[in-house]
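Worksheet for the structure shown next.
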Amino acid sequence: MPLQLPVVSPNPAITFLALLFGAIWTLANFYAFYPLVQSGVEVLVERLRGPPADPEGDPDPLSDGGRPTVDVLLAAYDEADVIEQAITSVLDAEYPDTHRTLTVLLEPGDDPTRAVVDRLRESYAFDVLTVPASYPGDPNKPRALNYGFEHTDGDIVGVVDAEDIVADGLLEEVATAVMGGADFAQGRLDMANEDDGWLNLLFRAEYGYWYNVVTPAFARVDYPIPMAGTTCFFRRSVLETASKKRLAQRGDPWTDDEWAWIDAHGLAGVRPWDPRNVTEDFELGLFLWELDYDFTYLDSVTTEESPPTLAGWLDQRTRWKKGKVYTLLDRREHPPADRRDRAHVYWQSLLPHLGPLNVAGLVVLFLIANLATYRPSTLVGAVLSLGGAFAVVTSVLFAVGYWTASDAPLPTRLRRALLSTVTLPLYWFVQWGADIRALVRVYGGDLQWEHTEHFGRGAIDADGHDPDALGRRTGRLTLPRYQRLLALAGVLVVAGILRVFVLGGWSLWTDEIYSVAVRGALPVADLLVLPNDPHPPLYYLLLHWWMDAFGTGRVAVRSLSVLAGVGATAGVYLLGTELFDDRTGLLAAALVAVSAFHVHFSRVARMYAIFTMLTALSWYYYARLRDGTRTSAVGYVLASTLLVYTHVYGLFVVLAQHAYTALSEVDGGIGRRRWVRVSAALGLLSAPWAALLGLRVVAIVTGTGGANIEWIPEPSSVLLTQTAISFVGFPDFYPLTAGTVGLYVLAAVVLFVYVGQLLASVVRVGPDGLTLEDPSSVGQLAALLFVPTLVPIIVSLVVPIYVPRYAAPASVAFVVLAARGLRNVPVRRVRAGLLAVVLVSSLVFIGVYYTADSAEPWAQVAGTITANADTDDVVVHQPGNMGGYERQYYDDAEFATATLSQAGRLGVDDLQYLRDLSTRHGTVYLVQYYGSRDAAVRYLDACHDGSNSNRLGVITVREYSRDTGCPDPAAFLDGGQAAS
């Protein structure tokens, strides 16, 4: 019967996710709460000090009659139902008509809104502009504001939305603030329709939290202010400067024809608002803070109306999220010069996504942990407790925000404040949905304006959108940055899912348990040097520390390889992008993500996933050595050193680099001196392991000892065939047994497809006939493909050293070349068909892989024994070095254990030892690894009157009870002689 193991605590996957989500959530809250604490302390100190010495305060800047002129821009589209209240509230506000201008900006074809505006012009004096369809850019709010700005001349320019009701004293307060020295100002906002439902209630609480709690604190401590799209006002000169600075920093997207239109219409082309950003207000606030302009937060409150339906809310929130993703990616392409500015701008752009994502992640994690009866460690408990405390504080502050904003009767306000606190996590979940929706649309190049019932305007024509507006295009970067990152993230998520699925489903097998129970369990000093192990110590050292942190359960010890496997997927993407282009890199990463070969070795407690990852990174930095930067040199030396200390075949990767460099790269590419320097640094750092390896090689060749490589097969063409079908995903990897005739046929077909793709990676078919692919890139990958496979095969003619899994570095070159070949197929339908064959077959192989049986079910062996053995019994393991394997699963058992030499080395003393065990114990269990009816079995048969035998894979468990007396052991050995 299979052994039902207790849940290991801590569980590494849950621990890692808990620490990740908890840490991000904690950092996000530290950023948001630090200004609140600092501001609160400053306010307290000011109150303790009392009022200033001059009770009259500063003189009123408007007292001498020198009022500035204020131009208010109101952009509208499909707002016939609400625009009247916005126009009348602006024109009825307290401010001299001679110093105030309202300009309503309409879009062509919006007849219902224009009819309302024309009717109002019969009673009110304001300007109306129709933004011409030929004005450059996609139709959206920032484009309309830029056009309107060119038709105003006020000292102060402000923005109000079409559904707003502004406060009577707003313009007076704005003028006072600007005349008092402020460069730009933001008024408070309030969503007043809380009676429309739960979403509207939480929306009002959110606005109250943000505009009554957070933003005042941000303003006090000089944090960037992500401005709202309404009730914001600027000195005219500030907007003009912002336009010049942005264009100088990020380039001008307008063409000569568009500039000709601008000149023909007497415009200057000033664009204070980024017309490509659907949260132009958010970006402008950060940009003005970056330019070191002075900000003032106003007391006047503008009343807005939140969307009454979930669909409208999602549209609005999706637009906000899209714009903030755009801002982040855009500023990554064009970063602020100052490090502090970069940190603030990046963090502010990330902050709207971190809250919903992490709360959702933590809730899901909580459910999983409870289902798994997970018991968190002290560290995890502390991190989650701190994150939980922040969540509680945020919930309370939301209630405070709602309380300060709402004018509902006291009982209603109390009830709704409590409701907003309790249901805030659910609100965050809905925000998470909008976040995912926004990310999907950004990835698809959709930056159009989401039109809701009260926000935004018409949708952007997708055909008119420039998909390459984000990011700098180079020969290798053919996709916008956000598409590359989101596509890579999707590939990595798939890779992670395939690698963690039923991660603990199979028993640890021989090599894994050796990693855990032998090498990885040693003290660090002994772990570094183990003469009988051919492998370097880096993986075992990492595993040693990993087990200290996460335990020794199956999922725990394999999780290190899972992380490395996902890292290997990312490394292959980097290499493919560096040698060819980002599409090739993404395709290569996808092939690795779904490859049963890479999935398997990312799920075993061995070094192969780390080996693959470091191979990709080492070659990535090798390919970048031509750029002459210190980063590439340091990256190459570091990655290659770690590679050499991970697997002995790392030396063949370095040999491949040297071979290719010697043939083609020294003078025309890397440069001789640079290559000598990085090679010397790598050699110096690798010298300790190289010296030890040299001693082992000498011992093996001379037959005086060395590493245990006796199990490695003789070289043959079969090994190369096995390597090839492994690279295409044939799912028969020891100890799993999944090889069938049908799978071999499928593997042969897929291998044929891959060979075709490899050929296409060298020769392209184009309009000009056959052309060669970039010889440098293909040549590098050819060296990586053949040196770690053919050279060990040749060496194996003297001393066998080659097994297919050792050729994992060559698989990196294999998938990148295959991806490039697929990209070079000229016919789109053929390309799609080949990709479908590769992906579908990969999924078939993985499906078979997950259902395969293990030849070494040590957990089942231990479960069988544990279910039947008593404290008076003994378990004998043969050969003795296998004794630690199933003991991994019953360390707490009370029965005795013993070991026995393998069949060919049994002597009289061994059989006498068995006789003693049979005499002293009730039942003897003999556990044989690849066992047979050797002398030990025959002798135990003679000592007992009966036995039960149970074969589990390559392991046989024999049960002997009722000792009847043992004969002379010498007669049971071959020739009657004791073997030494």
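The first residue in the sequence is number 1, and the count goes up from there. This one's a predicted model, so the numbers in the text were calculated from it and none came from an experiment.
- A donor-acceptor distance shorter than 3.5 angstrom exists from the side chain of R246 to the backbone of R271, with no hydrogens or angles considered.
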inquiry  = Set out, in order, the CA-CA distance, both residues' side-chain angles and the distance that settles side chain to side chain contact (heavy atoms under 4.5 Å, CB included) for T279 and K321, then state yes or no.
reply    = CA-CA 8 Å; T279 51; K321 301 285 188 178; over 6 Å; no

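- When all heavy atoms are compared, the tightest approach of A75 to K141 is CB-CG, 4.2 Å.
- Judged by the 6.0 Å and 45° rule, R236 forms a cation-pi pair with F149.
- In summary, E283 and R250 engage in a salt bridge, as defined by a charged side-chain N under 4.0 Å from a carboxylate O.
- Aromatic ring orientation, Y95 versus H99: perpendicular (interplanar angle above 60°, classes split at 30° and 60°).
- Here the CD-OG distance, from Q316 to S306, works out to 7.5 Å after rounding to the nearest 0.5 Å.
- In this structure the side chain of M227 reaches within 4.5 angstrom of the side chain of F184, judged on heavy atoms.
- Between the side chain of T88 and the backbone N or O of E84 there is at least one donor-acceptor pair closer than 3.5 Å.
- Taking all atoms of both residues into account, the shortest heavy-atom contact from S420 to A205 is CB-CB, 4.1 Å.
- Between Y223 and the options F33, F218, W289, F295, a ring-ring contact (aromatic ring centres under 6.0 Å, His included) holds for only F218.
- In this structure, a donor-acceptor pair under 3.5 Å is absent between the side chains of D581 and T478.
- Here the side chains of D252 and W259 are in contact, with some heavy-atom distance below 4.5 Å.
- With salt bridges taken as basic N to acidic carboxylate O contacts below 4.0 Å, one links E290 and R331.
- Using a 4.5 Å heavy-atom threshold, the side chains of L171 and V72 count as touching.
- Between Y209 and W403, the ring center distance fails the sub-6.0 Å criterion.
- For the atom pair T423 OG1 and L201 CG, the distance stands at 7.0 Å (nearest 0.5 Å).
- Side-chain contact between P139 and Y77 is absent, with no heavy-atom pair separated by less than 4.5 Å.
- For the residue pair W273 and P142, the shortest heavy atom distance occurs at CB-CB, 3.9 Å.
- Both tests pass for K324 against the ring of F282: distance under 6.0 Å to the centre and angle within 45° of the axis.
- Side-chain atoms of E194 and S406 include a donor-acceptor pair closer than 3.5 Å.
- Within the 4.5 Å cutoff, no side-chain heavy atoms of L288 are placed close to those of D183.
- Residues V178 and R235 share a closest heavy-atom pair of O-NH2, 2.7 Å.
- Here the straight-line distance linking atom CG of D190 with atom CG of N212 works out to 7.5 Å at 0.5 Å rounding.
- Under 3.5 Å, the side chains of E206 and Y402 contain no donor-acceptor pair of N or O atoms.
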message = As a quick check of understanding, evaluate side-chain hydrogen bond (donor to acceptor under 3.5 Å, both in side chains) for T130 and R114, giving each step before the final call.
response = CA-CA 10 Å; T130 300; R114 179 172 297 278; 2.3 Å; yes

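- Note that the CG atom of L129 and the OG1 atom of T103 stand 6.0 Å from one another [nearest 0.5 Å].
- Annotation: cation-pi pair R100/F126 absent, no NZ/CZ under 6.0 Å from the ring centroid and within 45° of its normal.
- By the 4.0 Å N-to-carboxylate-O rule, D299 lies close enough to R188 to be salt-bridged with it.
- Remark: the E79 side chain and the T113 side chain contain no N/O donor-acceptor pair separated by less than 3.5 Å.
- Across Q186 and C232, no two heavy atoms sit closer than the pair OE1-CB, 3.7 Å.
- Between N277 and T327, the side chains place a donor N or O and an acceptor N or O closer than 3.5 Å (distance only, hydrogens not considered).
- Of all non-hydrogen atoms in I262 and W254, the two that sit nearest each other are CG1-CZ3, 3.5 Å.
- Inter-residue side-chain proximity for D153 and T101 is flagged as unmet; no heavy-atom pair is nearer than 4.5 Å.
- A donor-acceptor pair under 3.5 Å is formed between the side chain of D164 and the backbone N or O of D161.
- Aromatic ring centroids of F203 and Y207 lie under 6.0 Å apart.
- Taking a cutoff of 4.0 Å between a charged side-chain nitrogen and a carboxylate oxygen, K244 and E240 do not qualify as a salt bridge.
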